[in-house]
Number of protein chains: 2
Amino acid sequence: MKETPDKKLSIIDVAKLAGVSTATVSRVLNGNGGYSKKTEEKVLRTVKECGFTPNGNAVSLRTNRSHCIGVIVPDITNEFFAKIIHELDIFFLEHHYSLLICDSNEDYELEDMYIHNLIQKNVDGIIYISGQDEIKNISSVETIPIVYIDRCPKNAKVLIQSDNEEGGYLATRELLESGCRNILLMRDLRYASTIRQRKAGYLRALEEAGVPYNGKLEIGIFPDYEDARIMMERVLKVMGCYFDGIFATNDRIALACIQVLMQHGYRVPEDVKVVGFDNVSLTEFCNPSITTITQDTRSIALAAGKSVLDLIHHKKIKEKMTVIPVALERRHSTETV
Amino acid sequence: MKETPDKKLSIIDVAKLAGVSTATVSRVLNGNGGYSKKTEEKVLRTVKECGFTPNGNAVSLRTNRSHCIGVIVPDITNEFFAKIIHELDIFFLEHHYSLLICDSNEDYELEDMYIHNLIQKNVDGIIYISGQDEIKNISSVETIPIVYIDRCPKNAKVLIQSDNEEGGYLATRELLESGCRNILLMRDLRYASTIRQRKAGYLRALEEAGVPYNGKLEIGIFPDYEDARIMMERVLKVMGCYFDGIFATNDRIALACIQVLMQHGYRVPEDVKVVGFDNVSLTEFCNPSITTITQDTRSIALAAGKSVLDLIHHKKIKEKMTVIPVALERRHSTETV
DNA sequence: TTGAAAGCGCTAACAG
DNA sequence: CTGTTAGCGCTTTCAA
């Protein structure tokens with residue numbers, strides 16, 4: 001609580017002030033033991049008095065630990081990812097790590113730049129959330145711990161994932177139980193593993209209900225609101241409304257489908273029922289509200305956070321893959337009248 | 001593109017490999033001049049060949065520059081803030097800075113911890129977005145450049161802000177022009193400067209239209225969906241619908257009001273017209289869609305980014321305060337029938 | 001145009 | 001229990 005000094009003071013200044021060596025100050029500050037109660041108090045007092053904060057760069061250089069975790073995320077503007085970051089932030093604050101956030105904008109080149117950046121910054125670990133179809137393996141980072149969320153390259157160590165298959169199953173079963181028999185699968189055209197799993201769930205539900213799979217009912221689209229709208233318009237124009245249910249692999253697609261359907265005079269849920277994926281807050285407030293699959297962002301973040309920490313501390317990771325349960329959130333878009 | 005070496009190589013290794021001194025390697029890498037074309041090529045080639053990346057911590061320690069910017073944000077899950085971060089990320093990637101994101105959860109204590117963290121990490125600058133009523137001045141960080149967004153302590157150097165007064169004015173004028181005469185002001189109860197400015201705009205529009213201000217029409221609430229709902233319920237129960245328009249100081253409040261009104265049998269916009277603030281994507285898709293004030297997140301982020309950079313490079317800042325224009329986004333919630 | 005060497009602030013071995 | 005000291009990997013004088 002003193003006036004700001006001309007120059008930031010170093011451990012040497014503190015040592016002088018406390019009348020001990022820098023080693024002792026360091027020991028006390030890091031709680032490494034090997035000092036008397038008395039010196040501890042003395043050091044702690046001087047540290048507080050002069051408001052000393054160790055220079056993180058020096059510490060990092062010396063210990064080869066930056067206490068930084070890099071997080072690569074496709075789009076922080078997407079509520080699903082934002083929630084994960086939020087939870088990660090809380091988790092890592094507790095563990096005294098800072099988060100270096102890299103919003104890759106789903107852009108390969110940017111991701112490369114970011115990775116390079118992170119290496120240079122000497123991050124202790126990376127959490128890698130990719131929207132990409134396939135992630136290339138980052139050979140240059142083989143030395144630093146990476147935990148993947150959602151997707152990962154073949155030789156990756158750790159992957160955290162929602163139970164996408166179950167999600168696809170729950171979504172489709174909900175539609176079937178509401179009486180749908182021709183369920184459109186509106187899926188991300190980048191045929192990533194998460195999407196394949198959701199489709200697998202869709203197929204399982206279909207089979208269980210004795211409804212044959214119809215390839216004409218599967219449509220790949222770019223998972224963006226505008227693109228989904230355009231595709232839905234086209235489908236309606238060319239094929240008409242040849243379906244009575246839609247399982248969309250994310251909420252934005254679901255929303256786009258509903259909007260287009262309603263603009264063409266179809267009623268949701270009366271004529272067509274719809275289920276989305278992610279449980280973005282929009283789904284609760286749009287009209288009709290959208291039945292969707294909740295991904296447990298908190299558990300995902302927690303699992304990812306714990307895993308990087310384990311990796312950093314060279315603990316054995318039990319499971320290469322952690323699967324986080326999902327749940328169906330029932331709303332108006334699948335209501336039976 | 002060689003096999004991963006046992007240990008990360010240092011500038012010394014590169015120097016040996018290239019047959020020059022470490023000083024020369026450093027000079028070339030930093031483009032500081034004072035070397036021949038030939039050595040430059042030689043060094044660059046070896047650097048590429050062995051995939052050398054300088055140790056950022058060593059650089060930072062030596063130069064006292066971390067090339068990190070700390071960003072403190074109340075809630076990254078809020079689309080408005082997420083967008084700002086997104087734009088900041090893009091801006092600073094170009095300028096070779098990394099972003100240390102601190103999600104303060106609108107919590108003073110957390111903010112303190114984060115600040116401490118950032119100091120220790122030796123960030124070159126801080127961008128501080130606070131949801132708080134009044135920000136306390138961080139005396140211990142007087143030495144490092146801080147740019148504030150939205151709110152700032154008295155003695156702050158730089159503040160970036162939307163034109164909140166104009167926003168309040170536009171919102172209220174829209175309601176007045178749609179025929180409203182009893183306009184409820186549903187405002188954040190934390191009476192921060194941004195909110196005061198929005199109210200000032202509200203008053204200006206009222207005055208311009210010759211409508212007297214009525215204190216009974218001003219209600220302070222915690223700006224959260226659930227709290228806003230509860231308050232609206234109470235208002236309706238106690239006072240009935242004694243208003244024909246609502247200006248809510250954020251979109252979540254606006255949404256809550258609309259939902260409650262409709263559940264009580266009032267029609268929006270026929271009986272009550274509503275304007276929100278922020279232009280969160282929800283407002284476009286809910287029913288009815290909500291007229292709102294757009295804050296230009298990109299310009300805000302750009303201004304903030306440029307300002308920290310200027311501060312870091314000791315450039316003179318022209319204006320202590322930068323005001324970013326806002327715009328009215330007209331939607332169904334203020335439509336005249 | 002280049003190299004030698006000091007030192008950024010800290011930790012950790014080693015010696016006492 | 002405490003101090004001395006050698007670096008961590010880099011930049012930057014200074015001298016050549």
Can you measure [X] atom [atom1] to [N] atom [atom2] for me and round it to whole angstrom units?
{"X": "A:Asn57", "N": "D:dT11", "atom1": "CG", "atom2": "P", "answer": "13 Å"}
{"X": "A:Asn32", "N": "C:dC10", "atom1": "CG", "atom2": "C1'", "answer": "13 Å"}
{"X": "B:Leu9", "N": "D:dG9", "atom1": "CG", "atom2": "P", "answer": "10 Å"}
{"X": "B:Ile119", "N": "C:dG9", "atom1": "CD1", "atom2": "C1'", "answer": "17 Å"}
{"X": "A:Ile12", "N": "C:dT11", "atom1": "CD1", "atom2": "P", "answer": "12 Å"}
{"X": "B:Ile11", "N": "D:dC8", "atom1": "CD1", "atom2": "C1'", "answer": "14 Å"}
{"X": "A:Leu61", "N": "D:dG7", "atom1": "CG", "atom2": "P", "answer": "14 Å"}
{"X": "B:Asn55", "N": "C:dC8", "atom1": "CG", "atom2": "C1'", "answer": "13 Å"}

For C:dG9 and A:Ser10 - does any side-chain N or O of the residue sit under 4.0 Å from the phosphate oxygens OP1/OP2? no

When you measure from the side-chain N and O atoms of A:Asn30 to the phosphate of C:dT11, is any distance below 4.0 Å, counting only OP1 and OP2? yes

Can you name the atoms? Protein N/O to nucleotides 1-3 of chain D N/O, anything below 3.5 Å, with the distance.
unit_1 : atom_1 : unit_2  : atom_2 : d
D:dT2  : OP1    : A:Ser36 : OG     : 3.4
D:dT2  : OP2    : A:Ser36 : N      : 2.9
D:dT2  : OP2    : A:Thr39 : OG1    : 2.6
D:dG3  : OP2    : A:Ser21 : N      : 3.0
D:dG3  : OP2    : A:Ser21 : OG     : 3.3
D:dG3  : OP2    : A:Thr24 : OG1    : 2.8
D:dG3  : N7     : A:Arg27 : NH2    : 2.7
D:dG3  : O6     : A:Arg27 : NH1    : 3.1

Would you check, one step at a time, whether the test side chain to side chain donor-acceptor pair (under 3.5 Å) holds for A:Tyr114 with B:Asp89? CA-CA 11 Å; A:Tyr114 276 125; B:Asp89 215 294; 2.2 Å; yes

So, taking the atom named [atom1] in [X] and the one named [atom2] in [Y], what distance separates them when rounded to the nearest 0.5 Å?
{"X": "B:Ile149", "Y": "B:Ser130", "atom1": "CD1", "atom2": "OG", "value": "11.5 Å"}
{"X": "B:Ile324", "Y": "B:Arg298", "atom1": "CD1", "atom2": "CZ", "value": "12.5 Å"}
{"X": "A:Gln295", "Y": "A:Thr194", "atom1": "CD", "atom2": "OG1", "value": "8.5 Å"}

Heavy-atom donor-acceptor pair, B:Asp103 side chain to B:Ile76 backbone, under 3.5 Å: yes

Derivation and outcome, side chain to side chain donor-acceptor pair (under 3.5 Å), residues A:Lys121 and B:Ser98: CA-CA 9 Å; A:Lys121 286 258 153 50; B:Ser98 299; 3.1 Å; yes

